[in-house]
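The first residue of the sequence shown is numbered 1, and numbering continues consecutively from there.
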Amino acid sequence: MKKPFYLLSLMGLLLVMSFSVQAQSVVIDKIIAKVDNHYILKSELEAQYQQYLQSGQGNTPTRCQLLESLIIGKVMLAKAEIDSVLIDDKKVEMELSSRMDQMEQQFGSQKNIVEAYGKTIASLKDELRSAIKEQLTTRKMQEKITGDVKVTPKEVRKFFESIPKDSLPYLPSEVEVGHIVRLAKVTKNQKDELIKKLSDYKRRVENGEDFAELAKLYSEDLGSGKRGGDLGFAKRGQMVAPFEAAALKLKPNQLSDVVESEFGYHLIQLLEVRGQEYHARHILLRPDYQKMDLTEPTSYLDSIRVLVQRDSLKFEKAAQLHSEDKGTQDAGGMLIDPSTRSIKMPLDGTMESGLYFTLDSMTVGTLTKPIQYRTEDGRTAVRVLYYKAKHPPHFANLEDDFQKLATITLNRKRNNAIEEWFTKAKGEVFIYISDEYKDCNVMKGTGQ
């Protein structure tokens with residue numbers, strides 16, 4: 001059986017950055033591998049290894065397996081440059097904003113973040129921005145390589161039957177949990193202040209100031225802001241609806257009034273329309289997510305919760321009608337294990353800690369009161385959790401665990417596809433590996 005392909009998730013980036021700070025204090029850092037212009041440091045390898053050890057997950061990979069993963073990732077980056085596989089700066093900045101919001105929530109303030117890492121917010125952003133761009137590029141290359149890989153029920157059954165009976169995985173307790181989410185609202189004072197600022201920028205442009213310079217100075221869309229707010233050509237339907245509707249009402253070089261979208265408040269200038277594409281630039285201001293108004297969404301969820309508790313409204317229907325989490329709304333609010341795409345989630349150390357401890361104080365069939373929540377994209381919200389079911393620990397079987405087994409089978413096929421790709425691609429780039437790790441046999445595809 002081929003070893004698994006380990007790629008660090010975006011959610012793990014902050015942990016690895018933290019471990020890197022610790023590792024560098026005890027490890028004499030040096031370059032242990034190089035792929036074209038991409039380097040792998042010993043501290044980077046140690047940081048990932050320590051992350052796995054401290055995660056509490058079983059089957060911790062060896063350093064050789066992690067080194068192979070890092071090298072394959074760097075080869076993907078090098079090949080992405082060769083093949084012109086690009087990542088939009090807007091995606092990087094959105095991900096960066098979300099990660100920084102999570103850090104601020106975790107540490108309590110930006111001051112605490114600076115003290116914890118011994119770096120300015122600006123330098124942390126630069127470090128994290130680079131890591132995020134690498135991760136998104138690697139993910140895009142991985143999807144390009146494995147996008148057509150599929151598994152059939154026959155293959156899943158064949159894989160299950162190949163596992164020795166005394167080696168069947170023992171699965172921990174699993175839970176089914178749903179939530180209904182309502183987003184915090186911008187306070188009237190915040191909204192008025194942001195509109196006033198953007199209206200002032202509009203007046204300044206109309207009086208002769210350069211839109212691009214104002215965008216560089218003030219826009220909180222850092223990706224486009226560096227380019228003077230330029231968003232490039234977008235196809236119709238690509239941007240969020242309020243932005244696109246406002247942009248397409250404009251004539252070339254005309255400025256919009258202030259436009260509100262899920263990302264914040266925009267001042268838009270249309271530059272050009274070309275068939276089904278349009279070229280615009282904007283200045284974006286976001287509300288302070290730490291000062292959002294939770295009163296209305298909390299009251300709203302309280303009333304929904306009462307209806308569900310009285311059985312006047314089924315939870316799944318309530319989520320479909322009232323939840324503002326688009327990712328779970330259509331599924332009746334049910335949370336999904338990202339690794340298996342199943343609504344059954346393991347009740348162990350892999351679960352997000354806040355959710356784990358909340359469930360620990362609940363009984364099956366109950367709902368929480370509205371509790372504050374930070375969405376995956378960093379927005380402040382309130383949610384109620386519904387503890388739908390709990391399944392006891394058991395040995396894996398086809399009837400109860402088909403989806404998990406299908407995911408494992410699919411990942412094995414994807415791993416094989418990536419290793420086959422690596423066998424071909426490694427001859428197209430320069431790869432150096434330190435003698436310290438020569439026994440890992442990475443270049444032979446047999447890392448231990």
Side-chain angles (χ1 to χ4, degrees), residues 1-10 12-53 59-87 92 119 123 126-146 414-448:
M1 182 184 298
K2 289 197 175 182
K3 57 198 165 302
F5 175 63
Y6 297 94
L7 267 182
L8 187 64
S9 69
L10 284 170
L13 277 173
L14 297 180
L15 280 172
V16 167
M17 286 173 63
S18 176
F19 285 132
S20 294
V21 172
Q22 300 167 22
Q24 289 172 14
S25 65
V26 296
V27 176
I28 299 176
D29 216 0
K30 63 178 182 179
I31 295 170
I32 59 175
K34 180 182 178 184
V35 179
D36 280 357
N37 296 319
H38 303 280
Y39 297 88
I40 298 172
L41 300 176
K42 187 165 186 174
S43 61
E44 186 179 357
L45 177 62
E46 289 301 315
Q48 286 208 19
Y49 186 67
Q50 292 302 319
Q51 185 203 6
Y52 275 102
L53 287 179
N59 301 318
T60 297
T62 66
R63 286 180 173 84
C64 283
Q65 288 174 320
L66 287 173
L67 178 60
E68 180 178 28
S69 170
L70 286 167
I71 288 174
I72 292 176
K74 299 300 184 185
V75 172
M76 286 185 179
L77 289 173
K79 281 289 289 174
E81 293 171 359
I82 294 170
D83 298 344
S84 298
V85 175
L86 305 175
I87 296 296
V92 177
K119 301 177 182 180
S123 62
D126 286 342
E127 186 177 336
L128 190 54
R129 182 182 289 111
S130 175
I132 287 172
K133 188 166 186 176
E134 284 199 4
Q135 288 290 322
L136 292 176
T137 303
T138 303
R139 180 188 295 173
K140 192 169 183 178
M141 281 296 294
Q142 191 175 4
E143 290 170 352
K144 182 180 177 182
I145 296 163
T146 64
R414 286 174 173 168
N415 293 341
N416 291 342
I418 288 171
E419 291 208 2
E420 289 174 9
W421 174 88
F422 177 61
T423 300
K424 299 175 183 176
K426 66 186 179 183
E428 301 176 32
V429 296
F430 169 78
I431 300 177
Y432 157 80
I433 300 173
S434 167
D435 288 344
E436 182 181 353
Y437 297 92
K438 63 182 180 182
D439 291 338
C440 287
N441 295 319
V442 171
M443 294 305 291
K444 296 180 181 178
T446 57
Q448 299 299 309

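- Here CD1 of I87 is found 5.5 Å from CG of L136. Values are rounded to the nearest 0.5 Å.
- Looking only at side-chain heavy atoms (C-beta outward), L67 and R63 stay at 4.5 Å or farther from each other.
- Looking at L41 and I32, their side chains never come closer than 4.5 Å, going by heavy atoms from C-beta outward.
- In this structure, the separation between NZ on K438 and CG on D435 is 5.5 Å, given to the nearest 0.5 Å.
- Here the straight-line distance linking atom CD1 of I72 with atom CG of N415 works out to 9.0 Å at 0.5 Å rounding.
- Without hydrogens or angle criteria, S123 side chain to K119 main chain gives no donor-acceptor distance under 3.5 Å.
- Separating the CG atom in L86 from the OG1 atom in T137 is a distance of 8.0 Å, to the nearest 0.5 Å.
- Around the NZ atom of K140, the shell of radius 6.0 Å holds more than 12 heavy atoms that belong to other residues, nucleotides or ligands.
- Rounded to the nearest 0.5 Å, atoms CG (L77) and CG (N37) are 11.5 Å apart.
- Side chains of K79 and K144 form no contact here, defined as non-hydrogen atoms less than 4.5 Å apart.
- Taking 4.5 Å as the limit, some side-chain heavy atom of Y437 sits within range of a side-chain heavy atom of K42.
- At a threshold of 4.5 Å between non-hydrogen side-chain atoms, the residues V75 and W421 count as touching.
- Residues M76 and I145 are in side-chain contact: their nearest non-hydrogen atoms beyond the backbone lie under 4.5 Å apart.
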- Item | side chain to side chain contact (heavy atoms under 4.5 Å, CB included) assessment of I71 paired with F422 | CA-CA 10 Å; I71 288 174; F422 177 61; 4.2 Å; yes
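- For the residue pair A417 and T146, the shortest heavy atom distance occurs at CB-CG2, 4.4 Å.
- Here the side chain of D36 pairs a donor or acceptor atom with the backbone of F430 at under 3.5 angstrom.
- R129 pairs by the salt bridge (Lys or Arg N to Asp or Glu O under 4.0 Å) definition with E93, D126, not counting sequence neighbours.
- Qualifying salt bridge (Lys or Arg N to Asp or Glu O under 4.0 Å) partners for E143, counting only residues two or more places apart in sequence or in other chains: none.
- The shortest distance between side-chain heavy atoms of E436 and K30 falls below 4.5 Å.
- Scored by the salt bridge (Lys or Arg N to Asp or Glu O under 4.0 Å) test, K34 finds no partners at all (sequence neighbours excluded).
- To the nearest 0.5 Å, atom CD of residue E44 and atom NZ of residue K74 are 4.5 Å apart.
- Looking at K426, its side chain never comes within 3.5 Å of a backbone N or O of I431 through a donor-acceptor pair.
- Heavy-atom minimum distance, V429 versus I82: CG1-CD1, 4.1 Å.
- Looking at Y52 and L66, their side chains come closer than 4.5 Å, going by heavy atoms from C-beta outward.
- Listed for the E419 side chain is no donor-acceptor partner under 3.5 Å among the backbone atoms of N416.
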